[in-house]
Amino acid sequence: MPRDLNKLLGREHDLDDVNRALRDYVRALDAPVVGAMHITCADESEYECIDSFQRRFVNDLLPDLKFARRAPFRLSNLGGRYEEGALAVAEHHYATPQTHDAFKVLLVKINAHVAIERTGAAARFGRMQRYDTESTACGALHALLDGKQLPALNELRETFESEGVDRLTQLLDPSLVHPQHRSLFVALVNARLQTRRAEQAIQDHTSHSPTLYLVASCVTLNRPEQDTELLCGLYTADQRGGEHTAAYIGLGDDPIRYEVHDDFGRLRVSDNHLSAEESQATHG
């Protein structure tokens with residue numbers, strides 16, 4: 001991972017700073033075509049996150065969809081879920097003729113979100129003033145923790161219980177996860193798990209042209225002031241040649257291992273996976 005992105009991992013930064021760092025990394029790869037897919041919760045509080053990605057990444061790097069109009073492939077749904085089949089559609093859209101003899105970069109940016117309000121050094125997560133009324137954010141993840149039933153929540157629940165690990169029970173156990181951090185941690189877990197779903201989709205998909213995939217796992221921090229963002233991890237899958245390689249660096253999906261720190265009024269989250277890199281190689 002490039003140094004500018006690595007120093008952002010697990011740390012709260014301005015939205016524009018994260019998107020500029022992603023832009024600069026992708027621009028340096030010198031691909032003839034850059035595509036993007038942005039996955040966010042449908043919550044209107046994610047407007048700033050979407051706007052920053054559009055201004056600082058999409059407008060600078062993507063091809064014109066219409067004259068002077070550039071746009072990412074977007075998923076906006078309850079909880080910010082990766083939807084099966086979306087990766088294949090997005091990859092096909094950006095497999096333009098000039099990529100067949102060269103390659104393209106496809107960035108998949110996944111944003112979970114959580115509200116944060118600070119009083120001095122103390123932070124409260126999960127509740128915000130929405131139109132002069134107190135509300136939860138992310139509402140879908142709070143409903144999931146509350147055991148509510150909806151098709152979207154059932155899909156989230158299945159994801160949170162993947163690989164035989166009951167992460168919801170862990171999150172709800174005050175002896176394992178302090179209630180003060182539960183809303184933050186459920187967003188961090190969701191970001192990592194949705195990223196893993198995208199990773200699996202990449203591994204299962206045969207690209208229409210050589211592709212370098214990047215999946216950025218992020219959590220938006222919805223604040224009374226301008227929103228900020230945590231870059232939780234980055235997955236890279238290089239499918240430009242005969243040997244396909246993949247690696248991930250960043251936070252894991254185990255809420256028990258998260259540690260929260262305050263760095264001069266900015267949030268920092270760490271765990272024992274943050275500096276670890278998982279890699280694999282396959283033949284295309």
Minimum side-chain heavy-atom gap H142-K148 below 4.5 Å: no

Under a plain distance cut-off of 3.5 Å, with no hydrogens placed, do R74 and T40 share a side-chain donor-acceptor pair? yes

Does D262 have any salt bridge (charged side-chain N to carboxylate O under 4.0 Å, His left out) partners at least two apart in sequence or in another chain, and if so, which? none

Of the non-hydrogen atoms in I202 and A237, which two are nearest, and what is the gap between them? CG2-CB, 3.9 Å

Under the ring-ring contact (aromatic ring centres under 6.0 Å, His included) definition, can you give me all pairs with a residue in residues 85-110, not counting sequence neighbours? F73-H93, H92-H208

Set of residues satisfying ring-ring contact (aromatic ring centres under 6.0 Å, His included) with respect to H38, sequence neighbours excluded: F53

Please identify each residue that fulfils salt bridge (charged side-chain N to carboxylate O under 4.0 Å, His left out) with D253, with sequence neighbours left out. R167, R196

Looking at side-chain heavy atoms only, is the closest gap between R11 and V18 below 4.5 Å? no

Report the distance from atom CG of L176 to atom OG1 of T169, rounding to the nearest 0.5 Å. 9.5 Å

Sequence neighbours excluded, which residues qualify as salt bridge (charged side-chain N to carboxylate O under 4.0 Å, His left out) partners of R157? none

Do E44 and R130 come within less than 4.5 Å of each other through their side chains, counting heavy atoms only? yes

Under 3.5 Å side-chain donor-acceptor pair for S209 and K104: yes

Within the supplied structure, the quantity of interest is the number of heavy atoms (other residues, nucleotides, ligands) at a distance under 6.0 Å from R118 CZ; does it exceed 12? yes

R55 and N19, any side-chain heavy atoms less than 4.5 Å apart: no

Steps toward side-chain hydrogen bond (donor to acceptor under 3.5 Å, both in side chains) verdict (D238, T245): CA-CA 5 Å; D238 191 343; T245 61; 4.7 Å; no

Using a 3.5 Å cut-off and no angle test, enumerate the donor-acceptor pairs between side-chain atoms of residues 20-30 and protein atoms at least two apart in sequence or in another chain.
{"unit_1": "R20", "atom_1": "NH1", "unit_2": "D17", "atom_2": "OD1", "d": "3.2"}
{"unit_1": "R23", "atom_1": "NH1", "unit_2": "D60", "atom_2": "OD2", "d": "2.9"}

Check whether any side-chain heavy atom of L9 sits under 4.5 Å from a side-chain heavy atom of N6, and report yes or no. yes

Any idea which heavy atoms bring S183 and V114 closest together, and the distance? O-CG2, 3.6 Å

Donor-acceptor pair, distance only, cut-off 3.5 Å: does the side chain of R240 make one with the backbone of L212? no

Any side-chain heavy-atom pair of Y248 and V215 under 4.5 Å: no

First locate atom CD1 of I110, then atom CD1 of I39, and finally report the distance between them rounded to the nearest 0.5 Å. 4.0 Å

Give, for atom CG of L145 and atom CG of L171, the distance between the pair rounded to the nearest 0.5 Å. 6.0 Å

Where T159 and S162 come nearest, the two heavy atoms and their spacing: O-OG, 2.8 Å

For F125, give me all partners under ring-ring contact (aromatic ring centres under 6.0 Å, His included), at least two apart in sequence or on another chain. none

Could you pull out the closest heavy-atom pair between A201 and L87, with the gap in Å? CB-CB, 4.0 Å

Enumerate the residue pairs fulfilling salt bridge (Lys or Arg N to Asp or Glu O under 4.0 Å) with a member in residues 76-88, sequence neighbours excluded, ordered by first and then second residue. R81-E155

Is the shortest side-chain N to carboxylate O distance from D254 to R192 below 4.0 Å? no

Side-chain heavy atoms of P72 within contact of F57, under 4.5 Å: no

Could you tabulate the donor-acceptor pairs under 3.5 Å formed by side-chain atoms of residues 225-232, not counting sequence neighbours?
{"unit_1": "D227", "atom_1": "OD1", "unit_2": "R223", "atom_2": "N", "d": "2.9"}
{"unit_1": "D227", "atom_1": "OD2", "unit_2": "N222", "atom_2": "ND2", "d": "3.1"}
{"unit_1": "T228", "atom_1": "OG1", "unit_2": "E12", "atom_2": "OE2", "d": "2.7"}
{"unit_1": "E229", "atom_1": "OE2", "unit_2": "K109", "atom_2": "NZ", "d": "2.6"}
{"unit_1": "E229", "atom_1": "OE2", "unit_2": "N111", "atom_2": "ND2", "d": "2.8"}

With heavy-atom distances below 4.5 Å as the criterion, would you say the side chains of S45 and M128 are in contact? yes

Around D101, counting heavy atoms of other residues, nucleotides and ligands shown, do more than 12 lie under 6.0 Å from its CG? no

Set of residues satisfying ring-ring contact (aromatic ring centres under 6.0 Å, His included) with respect to F185, sequence neighbours excluded: H181, Y258

Provide the closest heavy-atom pair for A143 versus L153 in the form atom of the first, atom of the second, distance. CB-CD1, 3.7 Å

The ring-ring contact (aromatic ring centres under 6.0 Å, His included) partners of H261 (sequence neighbours excluded) come to none

Looking at residues at least two apart in the chain, or sitting in another chain, which of them share a salt bridge (charged side-chain N to carboxylate O under 4.0 Å, His left out) with R127? E134

Measure from the side-chain N and O atoms of T195 to the backbone N and O of A191, and report whether any donor-acceptor pair falls under 3.5 Å. yes

